[in-house]
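Chain identifiers are assigned alphabetically (A, B, ...) following the order of the sequence lines, protein sequences preceding nucleic acid strands; residue numbering begins at 1 within each chain.
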There are 2 protein chains.
Amino acid sequence: MQSSQNGVDAAAPTTTEPADPNHVVTLADVARATGFSQMTVSNALRDRPKVSEANRRKIKEIAQRMGYQANAAATMLRNRRSGIIQIVIDDFEVPFHASLAKYLAQEATARGYQVAVRQSERSGSAEMRVLKTERGLIYDGVILDAPNITESQVLAHAHGRPALVIGDCADFSAVDSMDTACAPGAADAAEHLWERGCRECYVLGAPAHWPTDETAHRTGFGPRRFAAIVDALAGHGVRIDDDHRIPCDWTLEGGHAAAARLAARLREAHAVPVAGDGSVQTATATSPIGILCLTDTVALGALRAFAECGVRVPDDVRVIGFDGLAIGEYAVPSLSTVAMDVPAMAATVVARLAAAIEAQSSGAPLPDAMHETIPYRLVARESSR
Amino acid sequence: MQSSQNGVDAAAPTTTEPADPNHVVTLADVARATGFSQMTVSNALRDRPKVSEANRRKIKEIAQRMGYQANAAATMLRNRRSGIIQIVIDDFEVPFHASLAKYLAQEATARGYQVAVRQSERSGSAEMRVLKTERGLIYDGVILDAPNITESQVLAHAHGRPALVIGDCADFSAVDSMDTACAPGAADAAEHLWERGCRECYVLGAPAHWPTDETAHRTGFGPRRFAAIVDALAGHGVRIDDDHRIPCDWTLEGGHAAAARLAARLREAHAVPVAGDGSVQTATATSPIGILCLTDTVALGALRAFAECGVRVPDDVRVIGFDGLAIGEYAVPSLSTVAMDVPAMAATVVARLAAAIEAQSSGAPLPDAMHETIPYRLVARESSR
DNA sequence: ATGAAAGCGCTAACAA
DNA sequence: TTGTTAGCGCTTTCAT
């Protein structure tokens, strides 16, 4: 039991340790090595108050030297909690989701939780993201960054654990939710383009089947943003008919293709090619055309397409996106956008989930479900100036 | 035990279930409900061959209706494996790392592993990323996407489990590693700019303290890329002295600031501002200046700065980056780059780690450590054409 | 084909 | 302050 000389050698057999190389050091091993009971060792290592300072130090030192690490499975089995929050994210490679993951993870870590992020998977043939329920619930709570999930899917995945959804939660009731400010944000974007002189507007990323009428059930990020844009512009007498919505994927490629199509159409419809610079002069020379992109990614793809086609931004068209991606500030021209305050959102979300976890494990009933909205602000940059 | 009418209601008490709302269904519960022993239920649910087909179906159905989910902690404690691979990533918001995470996760999922991704944390005051060793080792193996980690740090984090590092692994021996092809890739980039007529080159993102001489110990992504560039250009008689390396963070902001400084310097040094268009004419009008950015992110920031300063790309300067970010194709002008084949890399990495996990759990000794390199190819786009 | 017993490594509760 | 007992939920023997 006397303190040995070798400071570093982790697996140094202190007393009668069998020299099994694959042997993982267990609490019992440390107990044997120190001469104390398992309980005392356990208490010492976890800084419980009922161990003398001297012994605590001694135990900790020996445990350290033996390379002891508590077996997480056993601890979890006993404590019925892992201290890990799971974050399910749609796609790491989509910058907006990546940003969410980053700040959620930071926030959760700051609160003493470990974080495990996972992607939802693409289902076999379809492009649809699916959330395969995994066997093995080891997480204390779940944050789902899943734009188009239903409440019952959430409940199925949560399996009784506290859960919180970031996405389109318009018709959620029981499950905590954090929604993007689709409607007001999109409306602001439309107002902005109106103020910047746009009297004709196109929406990029809106498929033809989304409803425009007030009464329709508007669900999903896209439809809600789109509907808000239509409403806001209608207030100014600007109509978004089927010709003024260009469907496309919410990707760079999608935005690029959509804008290229649009540029061709504009050229045909009312363009007067000017010799030399090849730029497009719209028929209404004093009135630039507004381009509302339902996502910054779409907008970035569109900017590129406009550059290729000789459509000048912001002279011929004025472009605004949605999300507030960092890269937008460095685009040429820099991209106007409805920027989400992701860090603020993350703080709220994690605080709420942590509270729910605490409440559940202490048996206290939770207050009503939370339904918040991500703070946003409109950032006007070169693309709409 | 007769099949109930309600198909969905998961928690429907079948027989004498106590109406405890918080009760989680356990194997014993299912055993009691079905009338079989725990073992039979366990075997049935896991499709072990020693259960009659009829009973297996009956058991599965009842378990399903009771909402049974195996307790992962208990399973892990028994089996000594979780089926989860941990991926540690430097920063979700850095696109290159996000891309790694995406493909690693996909690959691991395809192989039947669950995946838990976590970020390394920023240490208190410093900007340094640290890898806090977490208490609680529940993962079967670890993939570390950590550009500047040392082998001993890896071993500390791995704690005996199979581990694999993606990053700068020039002096790794015992730990499996996947390295970026820094030297050949950067050399190719330099060659490319030479071929494109650049007779003077600047390197963006290279701090002054990195060594240039052959003998120095070149470690870390940056130093190795930088050294390779210096070597390659030296072969053509182009020197990279201290004036031709512009230090900056590997971020959009960093690249922007560095390029802005450089643009100002170029203007002063040998620029002849042309009335009207404000573009820069270099003294050697026939020889554009090469800009080697150690990262695509830096390059994107630089492109923006050049646009702001009226430096024409690729007429005045020719720019190339490193990584192959998707956005580079949509930049204005589109960005030349040394593109990494991330999916191929991910496949190799996960295959190797899976093999190591199998080997370790079956007691078989592993062959020697793997040291591979991410495949890459040079993509020439507008910024260097 | 099915069941009983034992124990993975840990910690709450109680006893000393 | 320290030690003993029991058991979290599951699965691997080893009977039956």
Is the shortest side-chain N to carboxylate O distance from [X] to [Y] below 4.0 Å?
{"X": "B/Glu61", "Y": "B/Arg65", "answer": "yes"}
{"X": "B/Arg56", "Y": "B/Glu53", "answer": "yes"}
{"X": "A/Lys102", "Y": "B/Asp91", "answer": "yes"}

Protein-nucleotide distance ([X], atom [atom1]; [N], atom [atom2]), rounded to Å:
{"X": "B/Arg78", "N": "D/dT11", "atom1": "CZ", "atom2": "C1'", "value": "5 Å"}
{"X": "A/Leu77", "N": "C/dC10", "atom1": "CG", "atom2": "P", "value": "12 Å"}
{"X": "A/Leu27", "N": "D/dG7", "atom1": "CG", "atom2": "P", "value": "20 Å"}
{"X": "A/Phe36", "N": "D/dT4", "atom1": "CZ", "atom2": "P", "value": "13 Å"}
{"X": "B/Ile59", "N": "C/dA1", "atom1": "CD1", "atom2": "C1'", "value": "11 Å"}
{"X": "A/Asn79", "N": "C/dG9", "atom1": "CG", "atom2": "P", "value": "17 Å"}
{"X": "B/Asn55", "N": "C/dT2", "atom1": "CG", "atom2": "C1'", "value": "9 Å"}
{"X": "A/Asn71", "N": "C/dT11", "atom1": "CG", "atom2": "C1'", "value": "13 Å"}

State which of D/dT2, D/dT11, D/dC8 makes the closest approach to the side chain of B/Gln38.
D/dT11

Taking only the side-chain heavy atoms of A/Met39 (C-beta and beyond), determine which of C/dG9, D/dT4, C/dC10 contains the nearest atom.
D/dT4

Expected output: side-chain B/Thr75 to main-chain B/Asn71 donor-acceptor under 3.5 Å:
yes

Using a strict heavy-atom distance below 4.0 Å, which residues from residues 43-53 of chain B are in contact with DNA chain C?
B/Lys50, B/Val51, B/Ser52

Determine, stepwise, if the pair A/Met178 / A/Met345 fulfils side-chain contact (heavy atoms from CB on, under 4.5 Å).
CA-CA 8 Å; A/Met178 174 64 80; A/Met345 178 279 282; 3.5 Å; yes

Stepwise side-chain contact (heavy atoms from CB on, under 4.5 Å) check, A/Ile166 with A/Leu100:
CA-CA 9 Å; A/Ile166 302 169; A/Leu100 288 186; 4.2 Å; yes

I want to check one thing: is the phosphate of [N], taken as OP1 and OP2, less than 4.0 Å away from some side-chain N or O of [X]?
{"X": "B/Ser37", "N": "C/dG3", "result": "yes"}
{"X": "B/Arg80", "N": "C/dG9", "result": "yes"}
{"X": "B/Thr40", "N": "C/dG3", "result": "yes"}
{"X": "B/Thr26", "N": "D/dC8", "result": "no"}
{"X": "B/Thr75", "N": "D/dC10", "result": "no"}

Any chance you could lay out the side-chain contact (heavy atoms from CB on, under 4.5 Å) test for A/Ile149 and A/Phe172, step after step, and finish with the verdict?
CA-CA 10 Å; A/Ile149 201 169; A/Phe172 276 35; 4.1 Å; yes

